[in-house]
Structure formats: structure tokens, C-alpha cells
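Lettering of chains follows the sequences in order, A, B, ..., and the numbering in each one begins at 1.
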2 protein chains.
Amino acid sequence: MKISARARYGVRLMMVLARNYGKGPIYLKDIAKEEEISEKYLGQIVIPLRGAGLVLSSRGSHGGYMLAREPSEISLRQIVDILEGDCLVRCIKDPSTCSRVTTCASRDIWMLLGGKISETLGSVSLAELNNIDHEKAEIHGRGSAVKRVKSKA
Amino acid sequence: MKISARARYGVRLMMVLARNYGKGPIYLKDIAKEEEISEKYLGQIVIPLRGAGLVLSSRGSHGGYMLAREPSEISLRQIVDILEGDCLVRCIKDPSTCSRVTTCASRDIWMLLGGKISETLGSVSLAELNNIDHEKAEIHGRGSAVKRVKSKA
DNA sequence: CTGATTTACTACTAAAATAGTAGTATTAAT
DNA sequence: ATTAATACTACTATTTTAGTAGTAAATCAG
């Protein structure tokens with residue numbers, strides 16, 4: 001039971017966009033460089049986030065990505081749900097895959113657990129996440145994200 | 001983010017043993033038949049459960065498996081922890097695998113989530129799980145487990 | 001003792017999922 | 001036009017998963 005790189009990378013991508021909210025579009029290249037993630041792979045990850053309306057994009061030489069709404073209005077749950085396609089057990093989404101559904105108690109428990117996970121992820125917004133990040137950065141002395149690395153200046 | 005068949009099967013195996021607690025050892029063959037799981041595969045799954053002291057085994061012609069303690073004293077968390085080797089993200093168990101550990105906020109969230117999952121699984125015992133099961137069985141009319149299928153009689 | 005039956009252990013394997021890479025097309029500013 | 005960004009599609013190496021197969025060891029009945 002682990003979280004895919006896809007979802008983890010997606011969250012980090014969104015955190016960078018959240019830090020730069022209101023500053024216009026950010027290049028994927030810069031995010032990839034800062035977060036040390038393959039740009040091509042990030043390019044695949046951002047597509048469904050855009051498709052779900054969490055991210056806006058613009059193409060061309062001054063293109064890039066930005067959040068579609070405030071960081072406080074985007075929860076981790078939304079991001080993870082989009083990127084982590086599969087649920088805990090298949091029979092939750094699709095009960096027809098198992099004939100034991102009506103009598104299976106363990107299924108009930110996996111559903112309960114799935115609910116708890118959603119609840120937990122739903123209770124954390126990108127804004128809160130970046131607050132944690134900022135506190136840690138103050139202690140350990142890290143710069144303020146993209147700006148420092150940005151290729152233009 | 002899904003639960004492996006290994007862990008799911010392990011939970012079902014333990015539920016059968018819980019239903020038959022106090023009745024002496026149960027054959028893996030019967031459990032496999034009842035739960036419609038490969039006996040050989042179950043044989044692999046039960047080993048670590050025995051190793052962790054949750055299950056007792058005896059070999060030979062009247063061998064089998066039984067719980068090492070009362071169903072109310074065994075939580076889902078124990079079972080899942082034993083069978084689901086990996087944690088949510090590798091950097092939790094082994095911080096040295098990532099250089100960003102000190103400044104990474106997302107890691108904090110995955111740890112929080114991991115805690116919630118443990119908490120949830122820890123709050124459910126095999127006894128409680130079988131109560132749910134029994135309620136469902138009464139509604140949908142299923143027999144009382146192994147006995148019905150048992151190969152000897 | 002012997003044979004039947006069970007667990008214990010080890011090695012192997014087909015299929016699926018994961019985490020990418022690569023290349024091309026499209027869009028937009030200079 | 002050229003450049004520089006996103007958009008899209010296809011492919012692939014590696015790892016993980018979910019088993020299968022076969023042998024060894026223990027235990028009980030007769």
C-alpha cells in the first residue's frame with residue numbers, strides 16, 4: 001500500500017504552483033528543475049490536473065501553468081484522486097467483480113478505510129501544506145522556490 | 001494506492017480462523033476452498049503471520065492452523081502491517097533515500113496519512129470484523145463457514 | 001514401520017503496473 | 001520565420017504482483 005510517484009510528484013507540482021499563485025504562469029521546466037523530477041514525466045502528470053480544472057495552462061513562448069483557484073480551495077484529496085486512479089480495492093468501485101460482495105465483511109472495512117483516507121486528504125489544502133513547508137524552510141534555510149532557479153533571470 | 005491481494009487474502013484467512021477460534025486447528029485446504037483462494041498462495045501468506053506469533057500451526061495428518069490468541073486481541077493493523085511490507089512512501093521508513101527530507105512538506109502529510117491509516121486499522125479487531133460478517137450473513141443467508149465445507153464430514 | 005496427509009520451504013514465472021523516455025505536433029510571442 | 005513553450009502519442013525497461021510447482025519435513029492412523 002504505497003503512493004505512486006505519479007501522485008507524489010503531482011502534489012509537489014501543485015505545491016510549487018501554489019507558492020507562485022498570482023504571479024502568472026510558471027514553466028514546467030523550472031518546476032522540474034527545482035523538484036528534480038523529469039520534465040517529460042511531469043508533462044504527463046499535469047494533463048489530468050488541467051483536465052479536472054485545477055490548473056490553467058497557456059502555450060507558446062511565455063506559456064506555463066498556474067492554479068485555477070486559490071491554494072486554500074484545493075485539497076490534497078482532489079489531486080490524489082485525479083492522479084491515483086485505482087481505489088483501495090476494486091470491488092468498491094465495481095462490485096460486480098466479486099460475487100462475495102453481499103456477505104463480505106472485509107470489504108466493509110476497506111470501504112471504511114478508504115473513507116478515512118479521503119477524509120484526511122480532504123482536510124489539507126495546498127495553502128496549509130505550504131505553511132508547513134515554509135516553517136520547515138525557515139528552520140533549514142531554503143530559498144523561496146522557483147524564483148531562485150528560474151531560468152529567465 | 002491499493003491493498004494487495006496478499007493482505008486482503010491474509011485478512012480473510014484470519015477471519016476464518018477467528019470464526020473457528022477454540023475449535024482446534026483448521027486445514028488450509030478448507031480455508032482455501034471456502035474463500036476460493038489458491039491453497040498454495042495462502043500457504044505463503046500464513047507463514048509470516050505465524051512468524052509474527054499471530055497464528056499457531058501443527059503439521060501432520062491432523063495439523064492445521066489456529067489463532068494464537070483471542071480474536072478480540074488481534075487487530076487488522078497487525079495483519080496488514082505484516083503482509084503489506086511497504087509503507088506509504090519509502091522516505092518514511094528510510095529518510096536517507098531522499099535528500100529533501102528536512103524541507104519536504106509533502107512527506108509530513110504522507111506521514112500524517114500513514115498514521116491515520118494505522119489508527120483506523122488498529123481500531124478494528126477480528127472479533128468486530130466477524131460481527132459485521134455475521135450480521136451480513138443473517139441478512140443474506142450464508143452458512144457458518146468452514147464446517148459446512150469441511151472435507152472430513 | 002509405513003503410508004497418507006498436512007505444513008514448511010524454495011525456486012521459478014506470466015502478467016500487470018510503474019516510471020519513465022522519445023519524438024512529433026501545436027500554439028504563441030518576438 | 002524562429003524560438004520556446006505546452007499537447008499528445010507511442011514505446012520500453014524495470015519492478016511488483018500474484019501466483020504455480022515441486023520437494024522436504026513432521027505427524028498420526030493402522
Side-chain angles (χ1 to χ4, degrees), chain A residues 1-13 17 24-33 35-52 55-66 68 83-90 97-98 146 150-153, chain B residues 1-13 17 24-33 35-52 54-66 68 83-90 97-98 146 150-152:
Chain A
M1 203 166 117
K2 59 176 193 255
I3 295 177
S4 63
R6 191 178 149 91
R8 286 185 289 112
Y9 291 173
V11 167
R12 283 162 62 189
L13 162 72
L17 293 184
I26 307 292
Y27 300 144
L28 208 58
K29 181 172 56 166
D30 291 335
I31 300 174
K33 199 175 290 179
E35 295 291 327
E36 297 170 277
I37 300 170
S38 151
E39 184 186 343
K40 282 290 192 184
Y41 194 29
L42 266 189
Q44 285 179 36
I45 292 170
V46 79
I47 298 285
L49 294 171
R50 190 188 67 121
V55 164
L56 300 175
S57 70
S58 55
R59 316 224 275 196
S61 51
H62 285 86
Y65 297 93
M66 60 174 79
L83 296 175
E84 199 91 15
D86 50 4
C87 50
L88 237 48
V89 290
R90 207 178 24 174
T97 57
C98 180
V146 164
K150 199 156 188 174
S151 48
K152 284 195 67 181
Chain B
M1 202 166 117
K2 61 175 191 254
I3 295 179
S4 64
R6 191 177 149 89
R8 285 185 290 112
Y9 291 173
V11 167
R12 284 162 61 187
L13 162 72
L17 293 184
I26 307 293
Y27 301 143
L28 208 58
K29 181 174 53 167
D30 292 335
I31 301 174
K33 199 175 290 179
E35 295 291 327
E36 297 170 278
I37 300 170
S38 150
E39 184 186 344
K40 282 290 192 184
Y41 194 29
L42 265 189
Q44 285 179 36
I45 291 170
V46 79
I47 298 287
L49 294 171
R50 189 188 68 120
L54 262 51
V55 164
L56 301 175
S57 71
S58 56
R59 316 223 275 198
S61 50
H62 286 87
Y65 297 94
M66 59 175 78
L83 296 175
E84 198 90 16
D86 50 2
C87 50
L88 237 47
V89 289
R90 205 179 27 175
T97 55
C98 180
V146 165
K150 200 154 189 174
S151 47
K152 284 196 70 180

Round to the nearest Å and state the distance from [X] atom [atom1] to [N] atom [atom2].
| X | N | atom1 | atom2 | answer |
| --- | --- | --- | --- | --- |
| B/Met1 | C/dT18 | CE | C1' | 17 Å |
| B/Asp86 | C/dA17 | CG | C1' | 14 Å |
| A/His62 | C/dT26 | NE2 | C1' | 18 Å |
| A/Leu42 | D/dA5 | CG | P | 15 Å |
| B/Met66 | C/dT7 | CE | C1' | 13 Å |
| A/Ile37 | C/dG20 | CD1 | P | 9 Å |
| B/Leu49 | C/dT7 | CG | C1' | 14 Å |
| A/Arg12 | C/dA19 | CZ | C1' | 14 Å |

Rounded distance [0.5 Å steps], [atom1] in [X] versus [atom2] in [Y]:
| X | Y | atom1 | atom2 | answer |
| --- | --- | --- | --- | --- |
| A/Gln44 | A/Lys40 | CD | NZ | 9.0 Å |
| B/Leu54 | B/Leu13 | CG | CG | 10.5 Å |
| A/Met1 | B/Arg6 | CE | CZ | 15.5 Å |
| B/Ile45 | B/Leu28 | CD1 | CG | 9.0 Å |

Q: I would like to know whether A/Ile31 and A/Leu17 meet side-chain contact (heavy atoms from CB on, under 4.5 Å); could you show each step before the answer?
A: CA-CA 9 Å; A/Ile31 300 174; A/Leu17 293 184; 3.8 Å; yes
Q: Report yes if at least one side-chain N or O of A/Ser38 is closer than 4.0 Å to OP1 or OP2 of C/dT21; otherwise report no.
A: yes
Q: Would you indicate, yes or no, if D/dG19 has its OP1 or OP2 atom less than 4.0 angstrom from a side-chain nitrogen or oxygen of B/Tyr9?
A: yes
(Q) Donor-acceptor pair, distance only, cut-off 3.5 Å: does the side chain of A/Arg90 make one with the backbone of A/Thr97? (A) no
(Q) How would you summarise protein contacts on nucleotides 6-15 of chain D per nucleotide, using B for base, S for sugar-phosphate only and - for none, with heavy-atom distances below 4.0 Å? (A) BBS-B-----
